[in-house]
Amino acid sequence: MNSETGMRPMLMLPEMLIFGGGLVVLIGGSFLPRHKQWWARLVAAAVLVAAGAVAVIGMAAPDQAAFEGTFAIDTATGLARIAAAVGVLMILAVAGDEIKGTARESETYALLLFSTTGILVLAGANDLLVLLTGYLLASIPLYGLIGLLRSAAAAEAAMKTYLIGALFGITLMLGVTVLYGVTGATHYDELAARLGNAPAAVLATGLVAVLAGLMFEAGGVPAHFWIPDAAQGANGTAAIFLTTVPKIGALIALYRLTTVLPDTVSWPLLLAVFAAASMTLGNLAAYWQTDPRRLLGWSTVSQVGYLLVPITVAHRSDLALPSLLFYLAGYTLTNSAAFAVTTALPRARDLTAYRGLARARPWLASALVVALLGLVGTPPTAVFVGKLTTATAAWDGSQAWLAIVVFVNSLISLFYYLRWIVPVFQRPAHQAGTAPTRWSTATAILGAGLSLALGVAAGPGWALLANAPIR
């Protein structure tokens, strides 16, 4: 069974390491006293480093597939593994400040690892049933993560996330059922050969349901409602995770699925509408926010809109995949840095609370400014390169109007990010508050620095991704 078309389970070693690490942390943490729960964090970090190292080594090998071809191991999967590992490692650093010694510390790490496993399964899924499995494994731990903070806002956010996730999970199952019903297949290669002969109306129904289901995990329109509430109500550890890492798996899964879709239905137009709606709605809603985490939640919705743009031209532009992958990596670093600042200053839950930060904490203020200007798309940050190449891919794929929407929305977003940046340089109205937490501050500075470094060194990274076919 270890032939070219066999099971080949060792090709999924990173996923197995992360899931196994989650089990070790979950079981072992129950035997550790509260003051020694840091061992669980150490184990979680170790398996993430190991999984990332295996992914880096695996990217040098040719494209392969595991479990009878239902899971693809290619450049997209490799980058998803690396980006997810780096993103969760940054989250673990923040957790070292925020939840150290709490009653649910080891459970938090276990949920992070389980959800990350599902996200990676989503990224490599080459079969509708594997896609569905990855969705469930990524989503269910997410509900628990949001609800771990015992507050009314967290409870409301967890309930809202659960209800919306269940609704769109059922929608995804419905879409998978319809597509299987009209083709008799779930593997992408077989779907590519049979979907062209399916009735257009039935195909459109199944396709809309599957795409809508994946949009929950991505956090974009029409399944975006839970993102701002969860970002505001959950603790910083969960907020950073839910606004970054799930996007990696969901959007790569979405791209992989669109490569097998026929031209008998106008799926690029549907995705373009989702993209434009996410960009515009997210930016407009962020204008009125005074809570920094809720503002970043709506910003996340808008960023998903930008990330959807290259997927709309998956069949028309060779720039689509590399721009998506580069943007995902840059966004993960940049958004994590912005949220880490809010975790470093947990009592600053209003934009005006950041007045005087540049004088009191210059390094933290610098990290915040770099992260926010990066999310706008200011050179030389990584998100700037991502937005530029995304718009270029849309233009190259004959979607010039969508490229214009990207630039207009990027300009619009500058104004609400400035609402946060300006107070940083104003004279404080009162004495500075408590000192920022150490690990969150370091994570914010590291994330902002890596965002700048990735943007400056975009050339070699782009050269690597530009030759990345997708199975």
Return the [atom1] to [atom2] distance between [X] and [Y], rounded to the nearest 0.5 Å.
| X | Y | atom1 | atom2 | result |
| --- | --- | --- | --- | --- |
| Leu113 | Ile18 | CG | CD1 | 7.0 Å |
| Asn409 | Leu284 | CG | CG | 7.5 Å |
| Leu242 | Thr237 | CG | OG1 | 11.0 Å |
| Thr70 | Asp189 | OG1 | CG | 11.0 Å |
| Tyr135 | Leu214 | OH | CG | 8.0 Å |
| Asp229 | Thr161 | CG | OG1 | 7.5 Å |

Do [X] and [Y] pair up side chain to side chain, a donor and an acceptor below 3.5 Å, judged on atom types alone?
| X | Y | answer |
| --- | --- | --- |
| Tyr417 | Ser299 | yes |
| Arg81 | Thr116 | no |
| Thr186 | Asp127 | yes |
| Glu217 | Ser139 | yes |
| Thr300 | Tyr331 | yes |

Does [X] reach the side chain of [Y], with side-chain heavy atoms less than 4.5 Å apart?
| X | Y | value |
| --- | --- | --- |
| Met215 | Phe168 | no |
| Trp395 | Leu402 | no |
| Tyr327 | Thr389 | no |
| Asp97 | Thr443 | no |
| Glu98 | Ser440 | no |
| Leu112 | Phe241 | yes |
| Phe326 | Thr390 | no |
| Leu136 | Met173 | yes |

Exercise. Please report the C-alpha distance between Leu254 and Leu271 in whole Å, then the side-chain angles of each, then the deciding distance to 0.1 Å, and finally whether the side chain to side chain contact (heavy atoms under 4.5 Å, CB included) criterion is met.
Key: CA-CA 10 Å; Leu254 193 57; Leu271 283 178; 4.1 Å; yes
Shortest non-hydrogen separation from [X] to [Y] and the atoms involved:
| X | Y | result |
| --- | --- | --- |
| Leu122 | Ala253 | O-CB, 3.2 Å |
| Arg293 | Ala234 | NH1-O, 3.5 Å |
| Leu319 | Ala393 | CB-CB, 3.8 Å |

What orientation do [X] and [Y] show, parallel under 30°, tilted 30 to 60°, or perpendicular over 60°?
| X | Y | result |
| --- | --- | --- |
| His315 | Trp267 | perpendicular |
| Tyr143 | Tyr162 | perpendicular |
| Trp226 | Phe216 | tilted |

Self-check item: salt bridge (charged side-chain N to carboxylate O under 4.0 Å, His left out) between Arg256 and Asp74, intermediate numbers included
Solution: CA-CA 11 Å; Arg256 203 181 292 278; Asp74 50 24; 2.9 Å; yes
Quiz item: When you look at CH2 of Trp401, are more than 12 heavy atoms from neighbouring residues, nucleotides or ligands closer to it than 6.0 Å?
Solution: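 For Trp401, atom CH2 is crowded (more than 12 foreign heavy atoms under 6.0 Å).
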Quiz item: Is the number of heavy atoms from other residues, nucleotides or ligands under 6.0 Å of Trp439 CH2 greater than 12?
Solution: no
Quiz prompt | Residue of the set Thr381, Asn335, Thr334 for which side-chain hydrogen bond (donor to acceptor under 3.5 Å, both in side chains) holds with Ser451 | solution =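 The residue from Thr381, Asn335, Thr334 that satisfies side-chain hydrogen bond (donor to acceptor under 3.5 Å, both in side chains) with Ser451 turns out to be Thr334.
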Ignoring hydrogens and angles, tell me if any N or O in the side chain of [X] forms a donor-acceptor pair with the backbone of [Y] under 3.5 Å.
| X | Y | result |
| --- | --- | --- |
| Lys247 | Ile252 | no |
| Asp396 | Thr392 | no |
| Ser115 | Ala138 | yes |
| Thr378 | Gly374 | no |
| Thr77 | Ala72 | yes |

Self-check item: Pair Phe67-Val130, side chain to side chain contact (heavy atoms under 4.5 Å, CB included): steps then yes or no
Solution: CA-CA 10 Å; Phe67 291 94; Val130 177; over 6 Å; no
Quiz prompt | Verdict with reasoning, Val182 to Leu203, per side chain to side chain contact (heavy atoms under 4.5 Å, CB included) | solution = CA-CA 8 Å; Val182 296; Leu203 175 58; 5.5 Å; no
Self-check item: Listed partners of Thr205 passing side-chain hydrogen bond (donor to acceptor under 3.5 Å, both in side chains), at least two apart
Solution: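 Residues passing side-chain hydrogen bond (donor to acceptor under 3.5 Å, both in side chains) with Thr205: none at all.
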Practice problem: Evaluate the side chain to side chain contact (heavy atoms under 4.5 Å, CB included) criterion for residues Leu26 and Phe114: first the C-alpha distance (whole Å), next the side-chain angles of each, then the deciding distance (0.1 Å), finally the verdict. | Solution: CA-CA 10 Å; Leu26 181 63; Phe114 290 147; 4.1 Å; yes
